[in-house]
Engineer: 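Below is a structure I'd like to ask you about.
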Amino acid sequence: MAAQMAVNSGASLWGPMKELWETVDGAVLRRQPESVHILDLQLKKHKTHFLSLFKNPPKSAEQREKVRKASTEGIAIQGQQGSRLLPEQLLTEAFILSDLFDIGELAALELLLAGEQQQPHFPGLTRGLVGVLLYWDGKLCVANSLRTLIQSRHGKTFTLDLSGELVALTTRFTDELMSQGLTKRILTLVSEISVTREFERLQKERGLGNEKHRKEVSDLINECRQALADSLFSWTCQSPLSKDDTLALIGHLETATAQADGSLDHD
């Protein structure tokens, strides 16, 4: 259990998602040699992230206690020997981030540590504000990966001229996701994700910085939504949806408003 509970300064909600997207991008869009094998491993590793699409690791009393004691008893950090004492202020921020995004306390702590690590790339931003960007960037990596995998499927409308081995892999993988309720999950997310709603939440906890930070957060949220909508659109171009999924999509379009905020995509 201790190994699983270790804090990874790469942040489970960001680092591995970045790696996933780089692998998908490398295999499908940049056609790197040897990439099919690496992609296969990454897809197996991240299958649950696609199936539970955007669901966050849950909070737990055990995690909360572990983080709470990190200033006096220390906490194990992945890739480092022994445990490390963390300042009280960092732990307070971790609990705020955990409540803000409704994520497990350890995942929140990891985001802050990653935010601290990435701070030099974001002059003028606190680790917490960088953590907010990393949170949404991680989500976008998953959404972009999903869209690209679906676009690489064997299908009737367009082809990316990829190897048969790669197309077989991505078709098999996305078929499995679709058979386990991906359409409804995407439609739910497209309905729920809104910059206005997210900004209200962030505002309350001072999770928004200067104009540039607000624009970056807003862009990431909109891009997430768009990539999810594009994933479904690409699927309908390539393969027929099941009867249930088609009805769910029609139902969504009927309730969607004319504005971009409720519609499936901006076009």
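Values below: every heavy atom of this structure, side chains too, minus hydrogens, waters and symmetry copies.
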Engineer: In this structure, would Leu166 and Leu41 fall into the same cluster of hydrophobic residues linked by side-chain contacts under 4.5 Å?
Structural biologist: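 No, because Leu166 and Leu41 fall into different hydrophobic clusters, even though each may have its own neighbours under 4.5 Å.
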Engineer: Are any side-chain N or O atoms of Ser98 and backbone N or O atoms of Ala94, one a donor and one an acceptor, separated by less than 3.5 Å?
Structural biologist: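 Pair absent, no side-chain N/O of Ser98 close to backbone of Ala94.
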Engineer: At their closest point, which heavy atom of Val28 faces which heavy atom of Ser152, and how far apart are they?
Structural biologist: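 Heavy atoms of Val28 and Ser152 come nearest at CG1-CB, 3.7 Å.
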Engineer: Let me check something: do Leu162 and Leu29 share a hydrophobic cluster, defined by ILVMFWY side-chain heavy atoms less than 4.5 Å apart, either directly or through other members?
Structural biologist: yes
Engineer: In terms of side-chain geometry, is the basic nitrogen of Glu200 or Arg197 positioned less than 4.0 Å from the acidic oxygen of its partner?
Structural biologist: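 Answer for the salt bridge query: no.
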Engineer: If only atom types and distance count, is the side chain of Gln63 paired as donor or acceptor with the main-chain N or O of Leu106 below 3.5 Å?
Structural biologist: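 Checking the backbone N and O of Leu106 against the side chain of Gln63, a donor-acceptor pair under 3.5 Å is found.
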Engineer: Strictly by modelled atom types, are Asn56 and Lys139 linked by a side-chain donor-acceptor pair under 3.5 Å?
Structural biologist: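 Indeed, the side chains of Asn56 and Lys139 share at least one donor-acceptor pair under 3.5 Å.
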Engineer: Evaluate the side-chain proximity of Trp136 to Glu223: yes if any heavy-atom separation is below 4.5 Å, no if none is.
Structural biologist: no
Engineer: Side chains of residues 47-55: which donor-acceptor pairs under 3.5 Å do they make with residues two or more places apart or in other chains?
Structural biologist:
| unit_1 | atom_1 | unit_2 | atom_2 | d |
| --- | --- | --- | --- | --- |
| Lys47 | NZ | Glu176 | OE2 | 2.1 |
| His49 | ND1 | His46 | ND1 | 3.0 |
| Ser52 | OG | Thr48 | O | 2.7 |

Engineer: For residues Glu205 and Arg201, determine if any side-chain heavy atom of one lies less than 4.5 Å from a side-chain heavy atom of the other.
Structural biologist: no
Engineer: Tell me, yes or no, whether the heavy-atom count around Arg206 atom CZ, taken from other residues, nucleotides or ligands under 6.0 Å, exceeds 12.
Structural biologist: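 No, CZ of Arg206 has 12 or fewer neighbouring heavy atoms, counting only those of other groups under 6.0 Å.
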Engineer: Between CG of Leu43 and OG1 of Thr174, what distance do you get to the nearest 0.5 Å?
Structural biologist: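 One finds 9.5 Å between CG of Leu43 and OG1 of Thr174.
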Engineer: So Glu65 and Lys69, salt bridge (charged side-chain N to carboxylate O under 4.0 Å, His left out) or not? Walk me through it.
Structural biologist: CA-CA 6 Å; Glu65 190 60 10; Lys69 288 178 175 171; 3.6 Å; yes
Engineer: Considering non-hydrogen atoms only, spot the tightest contact between Ile103 and Leu97 and give its length.
Structural biologist: CG1-O, 4.0 Å
Engineer: Under 3.5 Å, side chain of Ser234 to main-chain N/O of Asp230, donor-acceptor pair present?
Structural biologist: yes
Engineer: What heavy-atom pair brings Leu111 and Gly131 nearest, and what distance separates the two atoms?
Structural biologist: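 Taking Leu111 first and Gly131 second, the nearest heavy atoms are CD2-O, 3.9 Å.
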Engineer: Check the hydrophobic clustering (I, L, V, M, F, W, Y; side-chain heavy atoms under 4.5 Å; chains of links allowed) and say if Val217 and Ile96 are grouped together.
Structural biologist: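 Different hydrophobic clusters.
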Engineer: Are any of the side-chain heavy atoms of Thr183 and Met178 separated by less than 4.5 Å?
Structural biologist: yes
Engineer: Does any part of the side chain of Lys59, heavy atoms only, come nearer than 4.5 Å to the side chain of Asp99, both counted from C-beta?
Structural biologist: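 In contact.
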Engineer: From Leu232 CG over to Leu146 CG, what is the distance, rounded to the nearest 0.5 angstrom?
Structural biologist: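 Interatomic distance, Leu232 CG to Leu146 CG, rounded to 0.5 Å: 9.5 Å.
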Engineer: Apply the test side-chain contact (heavy atoms from CB on, under 4.5 Å) to residues Lys45 and Glu19: give CA-CA distance (whole Å), side-chain angles for both, the deciding distance (0.1 Å), then the verdict.
Structural biologist: CA-CA 11 Å; Lys45 181 177 161 187; Glu19 193 185 340; 4.2 Å; yes
Engineer: Find the distance between CG (Leu182) and CD1 (Ile150) and round it off to the nearest 0.5 Å.
Structural biologist: 6.0 Å
Engineer: Looking only at non-hydrogen atoms, find the nearest pair between Leu13 and Met17 and report the distance.
Structural biologist: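 Answer, listing the atom of Leu13 first, then Met17: O-CG, 3.6 Å.
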Engineer: Apply the test side-chain contact (heavy atoms from CB on, under 4.5 Å) to residues Leu177 and Leu149: give CA-CA distance (whole Å), side-chain angles for both, the deciding distance (0.1 Å), then the verdict.
Structural biologist: CA-CA 11 Å; Leu177 297 182; Leu149 290 170; 5.8 Å; no
Engineer: Are the side chain of Thr148 and the backbone of Ser145 linked by a donor-acceptor contact shorter than 3.5 Å?
Structural biologist: no
Engineer: Between Arg153 and Thr171 (side chain of the first, backbone of the second, donor and acceptor by atom type, cut-off under 3.5 Å), is there such a pair?
Structural biologist: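 Yes, the answer is positive, given that a donor and an acceptor are paired below the 3.5 Å cut-off.
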Engineer: Of all the heavy-atom pairs spanning Gly128 and Glu93, show the shortest one and how long it is.
Structural biologist: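 Residues Gly128 and Glu93, closest heavy atoms: N-OE1, 4.3 Å.
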Engineer: Nearest 0.5 angstrom please: Phe95 CZ to Leu112 CG, how far?
Structural biologist: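 Nearest 0.5 Å value for the CZ-CG distance: 11.0 Å.
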Engineer: Begin from the C-alpha positions of Leu90 and Leu109 and carry the test side-chain contact (heavy atoms from CB on, under 4.5 Å) through to its verdict.
Structural biologist: CA-CA 8 Å; Leu90 181 70; Leu109 185 56; 4.0 Å; yes
Engineer: Quick check: closest heavy atoms across Ser231 and Ile186, and the distance to 0.1 Å?
Structural biologist: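 Closest approach of Ser231 to Ile186, heavy atoms only: CB-CD1, 4.3 Å.
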Engineer: Please state whether the rings of Phe101 and Tyr135 are parallel, tilted or perpendicular, taking 30° and 60° as the class boundaries.
Structural biologist: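 Ring orientation, 0 to 90° scale: parallel.
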Engineer: Could you tell me the separation between the CG atom of Leu125 and the CD atom of Gln118, rounded to the nearest 0.5 Å?
Structural biologist: 12.0 Å
Engineer: With sequence neighbours left out, what residues match Lys212 under side-chain hydrogen bond (donor to acceptor under 3.5 Å, both in side chains)?
Structural biologist: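 Listed in chain order: Glu216.
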Engineer: For Arg214 and Gln203: C-alpha separation, side-chain torsions, deciding distance, then whether side-chain contact (heavy atoms from CB on, under 4.5 Å) applies.
Structural biologist: CA-CA 10 Å; Arg214 286 163 184 263; Gln203 196 81 50; 3.3 Å; yes
Engineer: Quick check: do Phe122 and His213 have side-chain heavy atoms less than 4.5 Å from each other?
Structural biologist: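 They are not in contact (no side-chain heavy atoms under 4.5 Å apart), so the answer is no.
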Engineer: So how far is it from Ser218 OG to Phe199 CZ, rounded to the nearest 0.5 Å?
Structural biologist: 5.0 Å
Engineer: Is there a side-chain contact between Leu169 and Arg172 (heavy atoms, below 4.5 Å)?
Structural biologist: yes
Engineer: Do Asp137 and Leu133 make a side-chain contact, defined as non-hydrogen atoms from C-beta onward lying under 4.5 Å apart?
Structural biologist: no
Engineer: When you compare the side chain of Val24 with that of Asn144, does any pair of heavy atoms fall below 4.5 Å?
Structural biologist: no
Engineer: Report the residue from Leu220, Leu189, Ile193 that forms a side-chain contact (heavy atoms from CB on, under 4.5 Å) with Arg225.
Structural biologist: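 Going through Leu220, Leu189, Ile193 one by one, the side-chain contact (heavy atoms from CB on, under 4.5 Å) with Arg225 is satisfied by Ile193 alone.
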